[in-house]
Amino acid sequence: MERFRPGLPNDITFPDKPREECGVFGIYAPGCDVARLTYYGLYALQHRGQESAGIAVADGKKVQLYKGMGLVPEVFSGDQLSQLKGNIAIGHVRYSTTGASHAVNAQPLLFRYAEGVLALAHNGNLTNVTELRSQLMAGGAVFQSSTDSEVIVNVIARSNRGDLKDALTKCMIDIKGAYSLVILTEDKLIAMRDPNGFRPLCLGKLDKGYVVASESAALGTVGAGLLRDVEPGEIVIIDENGLESFQVLQPRRRSHCIFEYIYFARPDSSIDGFNVNQVRRAMGRVLAEEYPVEADIVIPVPDSGTAAARGFAERSGIPFEEGLMKNRYIGRTFIQPTQDMRDLAVRIKLSPIREVLAGKRVVMVDDSIVRGTTSNKIVALLRDCGVQEVHMCLSSPPITRSCYYGIDTSNEQELIAAKMSTEDIRRQIGADGLHYLSLEGLLNIFGASRDSFCTACFDGNYPVEVVKPQETGKYSLE
Ligand code: SF4
């Protein structure tokens with residue numbers, strides 16, 4: 001019997017999308033139930049990782065940690081949260097982009113070292129982790145997990161000779177790649193963002209303290225207001241003396257992950273000055289300008305295509321309709337169809353509304369195609385309902401390269417747009433038209449900030465170098 005496991009190719013919950021990375025949350029709020037607030041914060045970030053969840057809490061003297069495999073409400077009970085008492089907490093939800101899916105890789109990671117205790121939660125991937133791990137092992141370090149997050153903890157612990165600020169600074173200089181980190185000591189909450197600002201990290205204010213989170217949607221959930229984004233290359237330390245910020249490295253060329261706006265982030269989040277829902281709507285408007293098509297209705301592939309479909313309808317004047325209903329109750333224990341029932345997977349997740357679709361020329365808006373394994377099934381669903389024409393519009397450019405900064409976009413060999421022309425893909429999925437949003441059109445949405453984004457999975461322009469030698473033909477992160 002095959003059960004749903006997030007991250008497996010062709011699984012029903014993530015049919016053909018880049019895999020989400022991780023979500024981090026931190027809170028400094030004396031007098032508040034910080035464990036419970038962190039639980040709610042992680043709940044709001046659940047879309048960023050479904051494999052494991054964890055919370056570490058500090059009370060000024062000691063640090064407690066509880067973590068496990070599963071969704072946030074599966075890992076924590078009310079009793080467990082009641083036992084996590086303190087003034088400061090950090091939390092993490094994980095989908096593994098490095099390190100296998102094992103409990104030992106669940107975060108936060110907790111370490112005792114000469115200067116005290118440190119817990120860390122990480123979103124992103126380091127690009128020099130192999131080199132750093134080798135150096136640390138040569139110096140006697142022992143690793144319990146296969147995550148690059150453990151490498152970061154070791155770098156901090158080994159350079160901390162009583163001055164945490166110095167150790168964090170040295171760490172930021174040594175580690176390369178993508179990282180948004182929340183760190184907890186017995187009496188401090190720390191946030192760090194890499195100098196390119198790949199992964200999001202924002203800072204919020206509560207009446208009695210501060211919150212940091214991967215997305216602003218998690219701030220609202222715990223009643224915090226958005227103060228600002230943590231700047232690329234910035235370290236923020238919050239303790240009984242208040243908030244201290246220092247810019248360790250001048251921001252390099254900003255390289256915010258543009259896929260956060262296309263697919264990953266919640267529409268109610270604002271990241272680096274742009275609301276996700278508004279950006280998605282603008283993507284739809286640009287799609288309509290780039291692909292003027294005669295059609296009767298515009299429908300989204302729910303939910304990630306919805307905002308862009310509304311934008312397409314707005315600009316084209318073609319009516320917006322809900323033509324596909326999504327089953328929202330497919331959980332982790334869902335029993336997958338067997339291989340010979342694989343076609344059922346899409347039908348279980350998406351149900352067409354025949355009365356809306358029959359006899360129509362349809363523009364169907366989705367966010368992206370990765371391997372191209374499900375689009376043909378969705379088009380077939382529409383055809384079965386008597387749809388006359390299907391024009392598939394995607395609010396991203398073709399994905400032709402792998403990501404090395406914390407997103408699992410699949411191997412380059414598996415990316416359909418790396419192997420086939422748009423016309424060949426159109427034929428393969430059985431659509432009458434296929435249009436990808438142009439990279440130019442996508443970047444123009446951000447106006448004067450258009451050069452502040454990583455677009456490597458579309459154009460191969462990697463902001464931080466990745467080396468790809470090797471006989472295996474696979475890229476490495478050294
Ligand atoms: Fe985001 Fe793509 Fe850049 Fe990865 S390569 S950080 S998915 S834009």
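Just so you know, these numbers use all the heavy atoms, side chains as well, and skip hydrogens, waters and symmetry mates. Counting starts at 1 for both ligands and their atoms, in listed order.
- Across Arg254, Gln247, Arg193, a single residue satisfies side-chain hydrogen bond (donor to acceptor under 3.5 Å, both in side chains) together with Glu231, and that is Arg254.
- Around atom 2 (Fe) of ligand 1, protein N, O or S atoms at less than 2.8 Å number 1.
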Would you mind writing out the side-chain donor-acceptor pairs for residues 165-173 within the sub-3.5 Å range, not counting sequence neighbours?
unit_1	atom_1	unit_2	atom_2	d
Lys165	NZ	Glu244	OE2	2.5
Thr169	OG1	Lys165	O	2.8
Lys170	NZ	Asp174	OD2	2.6

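- In summary, of the residues considered (Val151, Ile152, Ile175), a side chain to side chain contact (heavy atoms under 4.5 Å, CB included) with Val129 occurs for Val151 alone.
- For Arg280, the salt bridge (Lys or Arg N to Asp or Glu O under 4.0 Å) criterion is met by no residue, not counting sequence neighbours.
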Test log, rule side-chain hydrogen bond (donor to acceptor under 3.5 Å, both in side chains), inputs Ser149 and Gln107: CA-CA 9 Å; Ser149 314; Gln107 295 193 23; 2.6 Å; yes
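- Listed by first then second residue, pairs satisfying salt bridge (charged side-chain N to carboxylate O under 4.0 Å, His left out) with a partner in residues 442-462 read Glu440-Arg450, not counting sequence neighbours.
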